[in-house]
Amino acid sequence: MSDSKSFFLLDERIRRFIWTQGWDQLRPAQEAAIPLIVEADRDVIVAAATAAGKTEAAMLPALTHLLRREPADGLVVYVSPLKALINDQFGRLEALCADLDIPVWPWHGDIASSQKTRFLKAPRGVLLITPESLEALLVNRGHAIAGTLARLAYVVIDELHSFIGSERGKQLQSLMHRIDLALGRRVPRVGLSATLGDMNMAADFLRPGCGRGVAMVNSGRGAGEVKVIVKGYEEPFVPREGDARGPREPSTPAQVAQHMYGVLRGANNLVFPNSRREVERYTHLLNSLCKADGVPPEFWPHHGSLSKEIRTDTEAALKRTDGVATAICTNTLELGIDIGPVKSVAQVGPPSSVAGLRQRLGRSGRRKGEPAILRGYSIEDAVTVESDLDVRLRVSTVQLAAMVGLALEGWFEPPVTNGAHLSTLVQQLMSLIAQRGGVMAAEAYRDLCGPQAPFSGVGKADFAALLRHLASKDLIVQEEAGLLLHGGVGERIVNHYSFYAAFAAEEEYRLISGGRPLGTLPLSQALVAGQRILFAGRTWRVDEVAEKERTIYVTQTKGGAPPLFTGESGRVHTRVRQRMREILRGEVEPGFLDPTAARFVAEARRAYADLQLDQVVLVDSGAQVRLFTWLGDAANEAIVFLLLSRGLTATLAGPGIDIQKGEMSEQGIAAVLADLAGCEIPQPEQLLAGAANIDREKWDWALPDVMLRRSYASLRLDPNEASAWLAEHAKSAA
DNA sequence: GACCTGCTGCGGCGTG
């Protein structure tokens, strides 16, 4: 410690705590962050790899700052995306703060109201809170908020990257802004994050309009050794029996499970099969193998529909010291929660993003001297004369290889920061009315849409149109003096606790066995009594579906299929599609393929050459033609809407777009494309004129039509990339 | 053919 300058900036009592912990040095991120944070005079972003001591990097200097005052009655608000993270941090901070006489207050939906009342009586120390609970504080105690937060010295945002580009992130920006307005000063913001691709983007998120003033600590990822293999498996073609009903269960997952069983047993690992359904399938297959061998089960399921109890069991199994538990999971185990280092990570099929894959890989090889291990598994159908283009081009294997390759090179998708999230503007306006007991329209516009406000892109005319629209739905009313208040409908919505979250959630059935909650299933699931399902790694018989109570009663049984979960598929970035093409052209040679996966790539290259996809953009496949753009989904979807506007039926199809021929010939479609290439791309309100079903966010239903279309387009479409591609390639289609 | 996150106030009742 003697050579550390930052160590001596810390309060003496904190230095003593560090000594008693036996830390022999500060981590690089802490060393760099302490001098920037200790004066509480600027915004700071600390980006560092997982487990690099980011929380301490922020809290040690922040607590030092509080201790400089006598009495130490200052306040730090720490915002976390997860309740579990708040509980983790509470345990760690309490040990430190007990010696300092600084109270630490966890505050989220599971915390008793008596504890919250105690904080409100003497609001000092460290408040650990979720964005939703902060929203509730502003709605319900808005009149007193300036007093409660009077001594606020910092707002610390943990897992900053998880907020960027979402409704929840927009809400968080608005909450921070409203706190600054209530206090009449700029409260320093500290953002903690896993390494970010673009620090400037993150800075502009943390302090909209003033990103340049944010100080940065980027301590980078320790470039450890990574061992990678991608294994291919082929699902044989089996002709369908005449009396067979419904889709046949595939046989290949059992082989994949057999391989995993051989290489994963006896250690801690994470397996990511991309969906809750596949988590159920693989957990069941793997534990069946344990049973056949007469050994205790060591594979544990973890996903968002499982009850808290079952998830906690899995987390506890991973943390146990014997180290022989593997979790089969969705991205519930991608973020934050401390489960300790794992030996390896398995990825079944392409992940939803390279950024997610990188985060998953970061869970492995954290012990010194040990490499991170990634095993990719790719299952392809056998090729027959009837196989479609995706099978012939081995799209899933090529995409997995492309994404693994990009992750190894350190590339990952930048967050999508241009989403307008006007849904959240509706929420924030309603919340502001509650906080202040009514607002004037001009005041609301200035505070939500003004120069450094979260919705600064919204014009005055649009805001006025929004107000009129909200009034027509009785969400708000305007008094004669001009004051905006809640309408009857608005009153009811704001007074229910479901108001505080900025994001929408699916309605779900509870699953109960013998009085024990197992978890939830989406409402769209069609289930009848007598049916058998896989859930929580076991097989159950449905005894009763109680519609009114939204509850499914089950008992344990043998044999059953994994349940269906519904949803949309992930969005692929253009860089991934470009890399896929580089692999297909032979410009990039993935060096991590097993013989079967290498054969898949060889077959894909042959198909790519046979179809002449280097020159051809339109491929006839019977009732439809595939337009190969090799663009990301945002550009492809913009082209889809352009085609729809010309009366064609088009849908996203992996690296391209499927266009129904209908009355038209391939030449006719090519002519439409050539024509589109010469036209200017219309504004989103025209491009999406005929589009139905574009509600995506929680309060989208309350937006005027034009604003809804604009909000959807800002979030999902890249018209510029689409138009650039059309200008360059659509002529060659003809 | 995807995944994840979150939630108050208050009345009524029983117990120490």
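Just so it is clear: chains get the letters A, B, ... in the order the sequence lines come, proteins before strands, and each one is counted from 1.
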- request: Establish, with yes or no, whether the OP1 or OP2 oxygen of B/dG9 is under 4.0 angstrom from a side-chain nitrogen or oxygen of A/Arg141.
  value: yes
message: At 4.0 Å (heavy atoms only), tell me whether A/Arg311 reaches a base, stays on the sugar-phosphate, or touches nothing.
response: sugar-phosphate
field: Phosphate-side-chain proximity, A/Arg276 and B/dC3, N/O vs OP1/OP2 below 4.0 Å
entry: yes
query: Nearest of B/dT8, B/dC4, B/dT5 to any side-chain atom of A/His303?
result: B/dC4
- prompt: Under 5.5 Å between ring centres and under 30° between planes: does that hold for A/Phe503 against the base of B/dT5?
  reply: yes
Presence of A/Thr330 side-chain N/O under 4.0 Å of B/dC4 phosphate oxygens OP1/OP2: yes
message: Tell me whether the side-chain N/O atoms of A/Arg277 come closer than 4.0 Å to OP1 or OP2 in B/dG1.
response: no
- prompt: Looking only at side-chain N and O atoms, does A/Lys116 come under 4.0 Å of OP1 or OP2 in B/dT8?
  reply: yes
query: When you check the phosphate oxygens OP1 and OP2 of B/dG6, does a side-chain N or O of A/Lys698 lie under 4.0 Å from one of them?
result: no
- request: Rounded to the nearest angstrom, tell me the gap between atom CH2 in A/Trp107 and atom C1' in B/dG6.
  value: 15 Å
query: OP1 or OP2 of B/dC7 less than 4.0 angstrom from a side-chain nitrogen or oxygen of A/Thr130, does that happen here?
result: yes
query: Is the phosphate of B/dC7, meaning OP1 or OP2, less than 4.0 Å from a side-chain N or O of A/Ser133?
result: yes
- line: Here the pair of heavy atoms bringing A/Met176 nearest to A/Ile157 is SD-CD1, 3.8 Å
query: Under 4.0 angstrom, heavy atoms only, what part of the nucleic acid is A/Asn331 near: base, sugar-phosphate, or nothing?
result: base
